[in-house]
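To start, the structure under review is shown below, and the notes come after it.
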2 protein chains.
Amino acid sequence: MKRNTRQRQAIRDVLIRAGRPLTPHEILTASQEIIPSLGIATVYRTINSLREAGELNPVELPGETPRYEMAGKGHHHHFHCLHCDRVFDIHKCISDFEEMRPEGFILDRHAVILYGTCEECNNK
Amino acid sequence: MKRNTRQRQAIRDVLIRAGRPLTPHEILTASQEIIPSLGIATVYRTINSLREAGELNPVELPGETPRYEMAGKGHHHHFHCLHCDRVFDIHKCISDFEEMRPEGFILDRHAVILYGTCEECNNK
DNA sequence: ATCTTTGCAAAACCTTTGCACTGCG
DNA sequence: CGCAGTGCAAAGGTTTTGCAAAGAT
């Protein structure tokens with residue numbers, strides 16, 4: 001029932017090529033290099049459609065508009081560069097969060113966000 | 001030089017009395033019980049002013065609109081109960097996040113959010 | 001009396017929606 | 001062809017800003 005339009009495939013390609021979570025606006029500008037007429041409404045509609053299809057996961061960081069990345073990456077966290085505002089995946093994870101759990105609470109899952117300067121900004 | 005207006009004090013009182021982080025809209029409705037004419041613009045301007053003054057800290061959780069609480073709590077993280085949706089402070093913190101830092105990146109700070117069941121919900 | 005702060009309304013954002021047209025299947 | 005998907009523009013929702021009036025020092 002989902003049609004494989006040029007727009008839908010362009011957005012998929014952009015997300016796969018980026019390898020990091022992108023904001024709707026980042027998706028828009030990158031997709032417009034493939035299809036210049038592609039509009040922001042299509043970006044939002046395609047994001048929601050790909051999410052329902054399980055192809056796309058939201059990356060929600062505190063105080064930030066949601067970003068999106070292709071699904072199937074397994075457990076990972078994010079590094080937010082405070083200079084260029086880009087977000088990078090971190091695949092290393094320390095695992096003793098149980099120590100932080102308050103007495104009597106049950107821990108299901110955790111989120112970690114690291115903030116700082118990415119390699120590229122650091123070299124400028 | 002900040003003037004101590006009725007509006008500013010009302011918003012301070014609301015936040016102190018609540019004892020939990022409030023959204024701008026929650027601050028508005030609670031403040032209007034003290035000063036009915038108080039407007040949303042004043043809420044936002046006062047939030048920003050109190051933040052600059054260091055009296056107020058944002059509590060930003062992934063996918064949630066920002067909330068605000070009075071400052072002075074020191075370094076802490078949050079436990080978000082998935083059943084009652086309340087957020088609790090966690091004052092214990094493990095400290096080897098440097099291990100997760102990608103090569104070439106500089107780590108300034110970190111955020112941790114634990115998700116699960118709080119003691120009260122667990123006992124129900 | 002001065003000059004910040006307020007309240008209102010408009011503007012600036014971001015995301016969603018309505019509608020006629022395009023184009024995939 | 002038929003109908004889901006697109007592009008545009010307009011509508012919602014939230015936060016910010018401009019300005020005359022109110023009010024704190």
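Quick note: numbers below take in every heavy atom, side chains included, and nothing from hydrogens, waters or symmetry partners. First the proteins, then the strands, lettered A, B, ... as listed; each starts at 1. Everything numeric here is computed off the predicted structure, so don't read it as measured data.
With hydrogens and angles ignored, no donor-acceptor pair under 3.5 angstrom links the side chain of B:Arg3 to the base of D:dT25.
Going from atom CD of A:Gln9 over to atom P of D:dG5 covers 14 Å, rounded to whole Å. The distance between atom CD of B:Glu52 and atom P of C:dT4, rounded to the nearest whole Å, is 14 Å. To the nearest angstrom, C1' of C:dT5 lies 13 Å from CG of B:Leu50. At whole-Å resolution of the value, OH in B:Tyr68 and P in D:dT14 are 14 Å apart. Atom CG of A:Asn4 and atom P of C:dG25 are 6 Å apart (whole Å). Counting to the nearest Å, the P atom of D:dG13 and the CG atom of B:Leu28 are 16 Å from each other.
By the 30° and 60° cut-offs, the orientation of the rings of A:Phe105 relative to B:Phe88 is perpendicular.
Comment: A:Glu103 does not engage B:Lys92 in a salt bridge, judged by the lack of any side-chain N to carboxylate O separation of less than 4.0 angstrom. A salt bridge links B:Lys73 with B:Glu69: the closest approach of a Lys/Arg side-chain nitrogen to an acidic carboxylate oxygen falls below 4.0 angstrom. Electrostatic pairing of A:Arg67 and A:Asp85 counts as a salt bridge here, judged by a charged N lying under 4.0 Å from a carboxylate O. Residues A:Asp89 and A:Arg20 are not paired through a salt bridge, judged by the lack of any N-O separation under 4.0 Å between the basic side chain and the carboxylate.
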Pairs under 3.5 Å (N/O, protein and nucleotides 6-9 of chain D):
from	atom 1	to	atom 2	distance (Å)
D:dT6	OP1	A:Thr5	OG1	2.8
D:dT6	O3'	A:Gln7	NE2	3.0
D:dG7	OP1	A:Gln7	NE2	3.3
D:dG7	OP1	A:Ser37	O	3.4
D:dG7	OP1	A:Ser37	OG	3.3
D:dG7	OP2	A:Gly39	N	3.3
D:dG7	OP2	A:Thr42	OG1	2.7
D:dG7	N7	A:Arg45	NH2	2.8
D:dG7	O6	A:Arg45	NH1	3.2
D:dG7	O6	A:Arg45	NH2	3.2

Sub-3.5 Å pairs of nitrogen or oxygen atoms, protein against nucleotides 10-12 of chain D:
none

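Considering every non-hydrogen atom in both A:Ala53 and A:Arg8, the closest pair reads CB-NH2, 4.5 Å. Of all heavy-atom pairs spanning A:Pro102 and B:Phe79, the tightest one is CD-CD1, 3.9 Å.
Partners of A:His110 under the side chain to side chain donor-acceptor pair (under 3.5 Å) rule, at least two apart in sequence or in another chain, are A:His75, A:His77.
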